[in-house]
Amino acid sequence: MSEPIEKKEMDKAYNPADNEARWYAFWNEKGYFTPKIDQNQKPWVCIMPPPNVTGALHQGHALFVSIEDALTRWHRMKGEPTLWLPGTDHASISTEVVIEKLIWKEQKKSKNEMGREAFLARVWAWMDEYQGVIRQQLEKLGASADWTRDAFTMDAKRQRAVKVAFKRLFDEGLIYRAARIVNWCPGSLTVISDLEVEMKEEVSSLWYVRYPIKGEADRYVTVATTRPETMMGDTAVAVSPKDARYADLVGKTLILPLVGREIPLIADEGVEAEFGTGAVKVTPGHDPLDFEIGQRHKLPIINVMNPNASLNENGGQYAGLDRFEARKRVVADLEAGGYLVKMEPYTHNVPYSEKADVPIEPLVKEQWWVKIAPLAEPALQAAYDGRVKFVPDRFKKTYTDWMENIHDWAISRQLFWGHRVPVWFCDNCGHTTCTLEESLDKCESCGSTDKIWQDPDVLDTWFSSGMWPFSTLGWPDQTEDLAYFYPGSVLETGPDIIFFWVARMIMFGIHFMGEVPFQTVYLHGLVKDEKGQKMSKSKGNVIDPLETVAEFGSDALRFTLLTGSTPGVDVKLSLTKMADSRNFANKLWNATRFITLSGTDNLSYQPPTLELAETLADRWIISRYQQLTTDVTRLIEQFQLGEAGRLLYDFLWSEFCDWYIEVSKLRLNSPDPAIKQSAQQVLCAVLEGSLRLLHPFMPFLTEELWHHLPHQGEALIVAPWPTPTEQPDTEAIAKFEAVQAVIKGIRNAKSEAKVESKRVAAIIAPHTEYRALFVGEADTIIRLAGVEATKLDILDPAATIEAPRQAVSIVTDGATVYLPLADMLDLDVERTRLGREIEAARKEVEKGENTLANSSFVDRAPANVVAKERERLASNRERLTKLEERLKDLS
RNA sequence: GGGCAGUUAGCUCAGUUGGUAGAGCGCCACGCUUACACCGUGGAUGUCAGAGGUUCGAGCCCUCUACUGCCCACCA
């Protein structure tokens with residue numbers, strides 16, 4: 001494929017839609033996204049967080065693509081074998097919920113009515129349909145990911161990897177089965193992990209219920225509860241052992257109201273005497289704390305709930321009622337029976353299932369668990385000793401705090417969609433067989449062939465995600481990819497999945513590969529709307545990335561997200577910011593258009609070094625470009641992409657376009673072709689280099705513009721990242737800034753004095769050492785300040801001159817400038833203006849004098865700071881003197 | 001209850017080791033100067049949340065307070 005560019009005249013405005021698809025196809029077909037394995041070079045590797053197939057593309061995707069692609073492109077340009085490995089996630093429970101709804105809509109059938117196989121067939125069909133959509137969307141954003149290695153967490157290779165990992169943990173005794181209190185989601189009818197539980201504040205009531213003491217008429221123990229509907233499952237009442245109020249009652253038997261069952265009054269450390277009445281009903285089947293108390297006191301466990309959170313047969317007269325309906329009835333009956341002492345309004349946190357958005361029900365169930373301590377310990381060490389670094393650093397604490405208090409991980413889910421638990425039970429001998437095979441012929445213990453059945457559960461989706469850094473590279477096979485690309489370099493993701501995902505990857509990476517899966521974890525913020533609110537459909541504040549791409553271009557979206565972001569900080573996105581970025585793209589388009597319109601087609605490529613410089617402005621812009629290169633490189637190394645982007649924006653717009661291009665117009669107009677060409681060379685060289693620096697931020701635009709300019713190599717995406725080869729000429733920078741000061745001063749004075757004519761006369765009285773500078777830059781001043789060419793007078797500092805009376809005067813560090821405006825100038829206005837300036841200058845002088853009069857400053861501050869302060873004072877004094885003299889002249 | 005961020009110009013945000021406060025948008029005034037009105041030139045606007053402290057010097061370091069946001073947590 002040849003370069004997809006037509007060297008026709010560029011349009012007046014940049015149209016991203018024309019460009020972006022064209023260049024993406026070109027890059028992709030050229031194979032630039034696929035790294036070449038080179039054993040002599042260390043690769044740079046980033047494994048993409050796999051998006052859910054279910055999800056429509058949102059700004060969070062746009063943000064991670066912007067960041068990861070920028071890093072990827074940067075490393076690629078640095079010449080490293082660069083792998084950004086893409087993929088998608090089966091997202092077990094999320095997908096299952098989506099498909100359930102879909103099937104309900106289509107066929108009015110539940111997944112259970114439909115059956116496992118039919119349901120899974122439907123999911124796979126759906127996957128086939130939508131799998132490609134996310135990829136296309138990522139491509140639209142410019143993701144330069146290696147699609148030849150595209151992976152899916154449920155494809156055949158990953159399925160095998162999961163089984164191998166499971167079996168290994170199983171054989172090592174790190175996966176076990178146990179009945180514990182778990183978080184049951186009555187919405188999706190599965191167990192979920194602690195991490196999938198979300199606490200929501202809710203206004204409810206605290207009911208005070210009295211439990212009669214057996215055999216003692218009119219004596220009660222009053223308990224406070226938020227969940228009266230579970231009282232049919234009560235198997236004790238507990239108080240604090242330190243609570244004197246109940247000391248003599250401990251050991252007595254209570255009668256459970258409404259039920260009549262006898263339960264003991266026990267003392268347990270877990271009870272807080274200060275809360276409520278100090279007595280708590282113990283329901284080991286439906287509360288985590290009660291479960292623990294129950295274990296300690298060997299209390300029976302009574303489960304009163306069905307899977308859908310209606311009461312079961314143990315609920316007596318409430319059986320069949322939903323838990324909240326049962327609550328109402330129980331309370332009413334308690335009240336009727338005289339058991340309800342009082343009821344207080346009470347606000348507390350209720351655990352909700354994140355995915356199904358219903359309150360979870362703690363239940364005792366048998367599940368598969370991962371024994372986490374042996375995995376967590378080395379994963380914690382890796383963070384302590386810095387083998388894994390966090391950017392920003394504070395997230396290291398988030399990680400270690402959690403890891404230090406980690407609990408065993410419940411990994412089985414009562415779902416259809418996911419990796420099936422590779423374990424068979426034997427009803428004959430009770431043995432469990434874990435196998436990598438699709439099916440099992442006979443129990444490995446007793447040999448039974450007809451009493452065996454596979455565990456119907458699937459694995460927590462994060463089990464397969466946790467293996468992503470190596471399963472994508474071919475593990476458990478010893479592939480070339482695995483040997484070369486593992487461990488990765490950077491893992492880039494959101495802080496919301498540090499525990500879900502990052503922690504599990506580190507644990508699994510160390511356990512299965514013996515090495516941390518990545519050196520750096522970069523955490524980005526969340527994308528919010530312009531008011532800082534989370535974008536959501538219900539709020540109607542969603543900015544759809546594809547719509548923004550269509551309107552402003554992918555580059556504009558990327559640039560906005562990158563420059564609006566600091567690591568770990570939320571990004572507020574607004575349409576005005578998008579417009580700014582689009583304008584920036586247009587600015588560069590037009591700068592390039594201007595340069596090429598001057599006729600640069602036959603120019604050969606030249607690197608932007610001082611060798612090219614003919615003029616002061618050349619030396620200035622090239623030196624500034626070199627400084628920029630150093631700064632941008634340093635910032636990207638530090639993951640400060642936002643700062644780097646802003647630097648590029650400022651340089652290109654405020655320095656290159658506003659000053660350098662304007663200055664260069666003088667030479668572009670020269671009748672001497674050599675002069676014209678020397679200007680063109682610098683324009684092209686600096687712009688070409690800047691486009692390289694900008695490429696990771698705005699890949700499409702820069703690639704297009706680069707091809708319009710003289711260049712070497714076949715594409716910008718693989719052009720070398722610039723490295724400065726010489727020292728910037730700081731003297732030239734200072735000199736040019738002195739010229740800028742004079743030009744700005746004249747412009748300002750003209751504007752303030754409301755000068756009508758475009759061209760004015762000017763007299764420059766330079767300081768001795770600046771005379772040559774201003775004489776040399778006379779043309780620049782004439783053009784950029786709007787001075788009449790024949791009426792610019794640069795005085796000889798040696799000669800005494802009479803300053804013109806009817807003139808505005810401008811005092812800069814390098815010169816005093818007079819604009820003789822004759823009748824146009826109102827002297828009163830000029831005197832007032834000078835008065836203001838004198839006032840300001842005097843303040844500066846006073847400030848400097850005070851600082852330097854302070855002996856402790858002079859003694860203790862570093863010499864260079866004191867010297868700088870002295871210089872500043874001297875120059876302010878001189879300025880003040882000049883202004884005062886001028887005012888005297890005018891009075 | 002514990003922890004972590006944030007509080008800088010009307011708005012959105014920068015501010016690298018402490019050394020005279022910045023950008024974009026918006027606003028005001030000019031302006032079609034042979035790239036760009038998605039533009040140019042000029043201008044106005046800040047007790048850097050508050051109070052202490054360290055220092056010759058603090059937006060940056062320390063302490064406390066206030067408000068905002070997020071994370072973690074089995075007081076029923």
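Naming: A, B, ... by sequence-line order, numbering from 1 per chain.
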Which part of the nucleic acid, if any, lies within reach of [X] when heavy atoms closer than 4.0 Å are counted: base, sugar-phosphate only, or nothing?
X	result
A:S574	nothing
A:F499	sugar-phosphate
A:Y346	sugar-phosphate
A:V282	nothing
A:N349	base
A:P351	nothing

From [atom1] of [X] over to [atom2] of [N], roughly how many Å is that when rounded to an integer?
X	N	atom1	atom2	value
A:D194	B:C71	CG	P	16 Å
A:Q295	B:C74	CD	C1'	14 Å
A:E201	B:A73	CD	C1'	14 Å
A:I266	B:A76	CD1	P	18 Å
A:H348	B:C74	NE2	C1'	13 Å
A:D496	B:G69	CG	P	19 Å
A:R877	B:U20	CZ	C1'	16 Å
A:I406	B:C71	CD1	P	19 Å

Residues A:E361 and A:R227 bridged, charged N to O under 4.0 Å: yes
Do the side chains of A:R327 and A:E229 get close enough for a salt bridge, i.e. N-O under 4.0 angstrom? yes
For residues A:S193 and A:E196, is any side-chain donor paired with an opposing acceptor at under 3.5 Å? yes
Rounded to whole angstrom, note down the [atom1] distance from [N] over to [M].
N	M	atom1	value
B:G52	B:C60	P	14 Å
B:C61	B:G22	C1'	22 Å
B:G6	B:C38	C1'	33 Å

By salt bridge (charged side-chain N to carboxylate O under 4.0 Å, His left out) - contacts of [X] (at least two apart):
X	result
A:R558	A:D69
A:R833	A:E830, A:E837
A:E844	none
A:E846	none

Scanning both residues in full, the closest heavy-atom pair of A:D287 with A:P362 reads N-CB, 4.1 Å
Is A:T566 close enough to B:A14 that one of its side-chain N or O atoms is under 4.0 Å from OP1 or OP2 there? yes
Parallel, tilted or perpendicular: rings of A:Y346 and A:F275 (30°, 60°): perpendicular
Rounding to 0.5 Å, atoms OG (A:S581) and CG (A:L557) come to a distance of 8.5 Å
Name the closest nucleotide to the A:K577 side chain, picking from B:C25, B:A76, B:U12. B:U12
Can you pull out the residues from residues 634-651 of chain A that lie within a 4.0 Å heavy-atom distance of RNA chain B? A:R634, A:E643, A:R646, A:Y649
By a strict heavy-atom criterion of less than 4.0 Å, which residues belonging to residues 390-399 of chain A are in contact with RNA chain B? A:R394, A:K397
By the salt bridge (Lys or Arg N to Asp or Glu O under 4.0 Å) test, which pairs, at least two apart or in different chains, include something from residues 568-597 of chain A? A:K528-A:D570
Which letters describe nucleotides 29-41 of chain B, given B = protein heavy atom under 4.0 Å from base, S = only from sugar-phosphate, - = neither? -----BBB-BSSS
Side chain to side chain contact (heavy atoms under 4.5 Å, CB included) partners of A:N349, counting only residues at least two apart: A:M199, A:E201
Identify, with sequence neighbours excluded, every residue that meets side chain to side chain contact (heavy atoms under 4.5 Å, CB included) alongside A:P671. none
What are the atom names and distances for every N/O pair under 3.5 Å that joins the protein to nucleotides 47-49 of chain B?
none

Note, RNA chain B 5' to 3' with Watson-Crick or G-U pairs under 3.5 Å encoded as ( ), [ ], | and . gives (((((((..((((.....[..)))).(((((.......))))).....(((((..]....))))))))))))....
